[in-house]
S.K.: 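Shown below is the structure under consideration.
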Amino acid sequence: MRLNRELNHLLTDLEVAVPLADLEYPGADAAAIHEVCDALQFRTLRDKLLPLATDAGEASPETAPPVVVQTAGAVAAIAAMTGTVALHVDGRGGVDADAWALGAADAADAAWGVDLADLSPEDESTLGAWLADPNIAKVLHGAKDGWHALTARGWELAGIAGDTQIAAFLVNPDQRGFELEQILQRHLGLALESGPTAGELDLGLDGGGAHHAGQRAGERAAHVRTLAGVLEPMVDERGMGALYRELEIPLITVLARMEHAGMAVDRAHLSTLADEARARADRAAEDAYDALGGERVNLGSPKQLQEVLFERLGMPKTKKIKTGYSTDASSLHDLSEKAPHPFLTALLAHRDASKLSQIIETLAQAVQPDGRIHTTFSQVVAATGRLSSKDPNLQNIPVRTAEGHRIREAFVVGEGFDTLVTADYSQIEMRIMAHLSGDAALVEAFAAGEDLHRFVGSRVFGVAPEDVSPEMRSQVKAMSYGLAYGLSSFGLARQLGLPVGAAQALMDDYFSRFGAVRDYLRSVVEQARADGYTETIFGRRRYIPDLTSTNRQRRDIAERMALNAPIQGSAADLIKRAMLGVERRLRDEGLASRQVLQVHDELVIETAAGEQDAVENILREEMHAAGDLSVPLEVNVGTGADWRTAGH
DNA sequence: CACTGCACGTA
DNA sequence: CGTACGTGCAGTGG
């Protein structure tokens, strides 16, 4: 079959490109090599590996040196781990150069005729069999392009392959690095060069130059193999086995496909926006310089701005920060009211425009040769269980302003597809709060299906729903959302520009009508203090040791975390479940449409011709059915040729 | 070059 | 004195 032929071609060429005489394989396990090489149908490599494995003797798994493939920028570190295969090679950067130096990239480029987008886990081919394994799918599908599929994701693969990043995250989302080092030292007898670090799977194997890239990959792979056996039981002990195996692991494949799909971008539109923003920023900068009599201070330097504002211009002092007084937007606005000055106006305009220009420039730079932006999702960063997105972050694309809308217009439906459909949960966190607290009034509000903030406003202010003023509504809205973050009356007052007493009165009124919410918020902290962790609806735990700290500041912060984690985390669980459901439906119904982005409470799908209605139904149904709460999970769906239009 | 602090975008 | 993130820039220290 075509895939097999292409794959063999690829691997054979890679083998040729990297002289095997340069490789070393101390401690390779013979059975593993058989397994790996048979799976690869890579007979030549197997024949060369086996003698080396035999030489290494019969070391036990605990003491065996790692499987190592040592090449510079290697093309093929093949390690056997946890019943799967690691093809590795290098971390980000440096890889291409190394590979080119070896002449391997030529071979790979020539051989890589496989369009990953055409593959599915059902393929009865060697590659298809790999893809059925989420670990491998992550690497191949998750790659930014064909070449990188076998290169740049290397060490990440070492982690994913053993599922240890996710396991470690579930064991302790806040102290991954520390925990891992403890475990490693205990179970591997590994001498770590560095002290406890925050990074997951930082095995202290970095450094040493490109020459040892392959070796490091192999070492990581070997450690990960051991680590996986330690971490998974810990995940089970903590009651998250099901979450791990039935949610996080299957989600790997979904995320990998989304990364590989990416989002199409209108380059011309983006470049128009970039020009405009740059021009606006330049104009504002000139205005600012003029206001200072021509002096060209660096407007991007808070330090220089402090000197100008508070010393030269003698402006009133703003809120204190570590390095002096803040020059953030809210401070500058305050200053503008107290001490109007053309410099302030120009500075604010410059902030706005230059930030926008920076965002646009970063996006433009991230567009790949296929005309699309491929982000990388992480399941193991956010302590609450949310996903994160990086390189670039597509979860913080502007949306609130008109300029933000124009940026979202640059995210378009790609060639060969019909529309973008976006679906987002309506007030998901408030709904979760209603569910978790069981507050009868709040549950009733959602059951009634009316405007939540209007409903709550009418209760809080004791007026009919139609008599809730926009002012009342926005105050109630701010309070409702603030509650899930542990907002204080002081914070509410500051945000609403009210006296603290008035804010407190507002909160009192709120809780007199929705008393179960207050009871819940109190009880969740209390329970967390007793247990040491919080729990989401689906059993995701977040351990928060600082709840018993004698340090008031730390304890307060911990309490707000405890308050928020079940709410934010449950929302994350829900949308992850929905993503699995959507993916399954798309596949079962034989649709070509595909998920391309997740933004915490929103899913974006690129639909194929004729599938829009089906996709909308799938989104509604799967997002709705993601959880069985005491309030309905409502979903807003929109469609358009670009992300902005779809989002309206 | 690595790191910190600031500022600011999203949910 | 509101949770969760990622990124670019300036400034600092090596």
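Hydrogens, waters and symmetry mates are skipped; everything else that's a heavy atom, side chains included, is used. Keep in mind it's a predicted model, so treat the numbers as computed, not measured. Sequence lines set the chain letters: A, B, ... in the order given, protein chains first and strands last, and positions in each chain run from 1.
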S.K.: Tell me whether the side-chain N or O atoms of A:Arg351 pair up with the base of B:dA7 as donor and acceptor below 3.5 Å, since no angle test is needed here.
M.R.: no
S.K.: Does B:dC6 have its OP1 or OP2 closer than 4.0 Å to a side-chain nitrogen or oxygen of A:Gln306?
M.R.: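 So the side chain of A:Gln306 is outside the cut-off, no N or O lying under 4.0 Å from OP1 or OP2 of B:dC6.
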S.K.: For a quick check under 3.5 Å, do A:Asp573 and A:Thr536 share a side-chain donor-acceptor pair by atom type?
M.R.: yes
S.K.: Quick one: label A:Ser489 by what it contacts on the DNA or RNA (base, sugar-phosphate, nothing), any heavy atom closer than 4.0 Å.
M.R.: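 Answer is nothing: A:Ser489 stays at 4.0 Å or more from every strand.
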S.K.: For A:Tyr510, what residues pass the ring-ring contact (aromatic ring centres under 6.0 Å, His included) criterion, not counting sequence neighbours?
M.R.: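 A:Tyr510 satisfies ring-ring contact (aromatic ring centres under 6.0 Å, His included) with A:Phe514 once adjacent residues are dropped.
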S.K.: Can you give me the closest heavy-atom contact between A:Tyr289 and A:Val297, atom names plus distance?
M.R.: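 A:Tyr289 and A:Val297 have their closest heavy atoms at CE2-O, 3.3 Å.
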S.K.: Scan residues 497-516 of chain A against DNA chain B and write down, sorted by residue number, each residue with any heavy atom closer than 4.0 Å; if none is found, say none.
M.R.: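 None, since no heavy atom is under 4.0 Å.
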S.K.: I'd like to know if A:Gln495 reaches the base of C:dG2 with its side chain such that a donor and an acceptor end up less than 3.5 angstrom apart.
M.R.: yes
S.K.: Just N and O in the side chain of A:Arg400: are any of them under 4.0 Å from OP1 or OP2 of B:dT10?
M.R.: yes
S.K.: Do the non-hydrogen side-chain atoms of A:Tyr425 and A:Glu634 ever get within less than 4.5 Å of each other?
M.R.: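 When only atoms from C-beta onward are counted, A:Glu634 and A:Tyr425 do not touch, as no gap falls below 4.5 Å.
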S.K.: Pull out every protein N or O sitting under 3.5 Å from an N or O of nucleotides 12-14 of chain C, one pair per line with the distance.
M.R.:
from   : atom 1 : to       : atom 2 : distance (Å)
C:dT12 : OP1    : A:Lys303 : NZ     : 2.8

S.K.: Could you check which of C:dT7, B:dC6, C:dA4 has an atom nearest any side-chain atom of A:Asn393?
M.R.: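 The answer is C:dT7.
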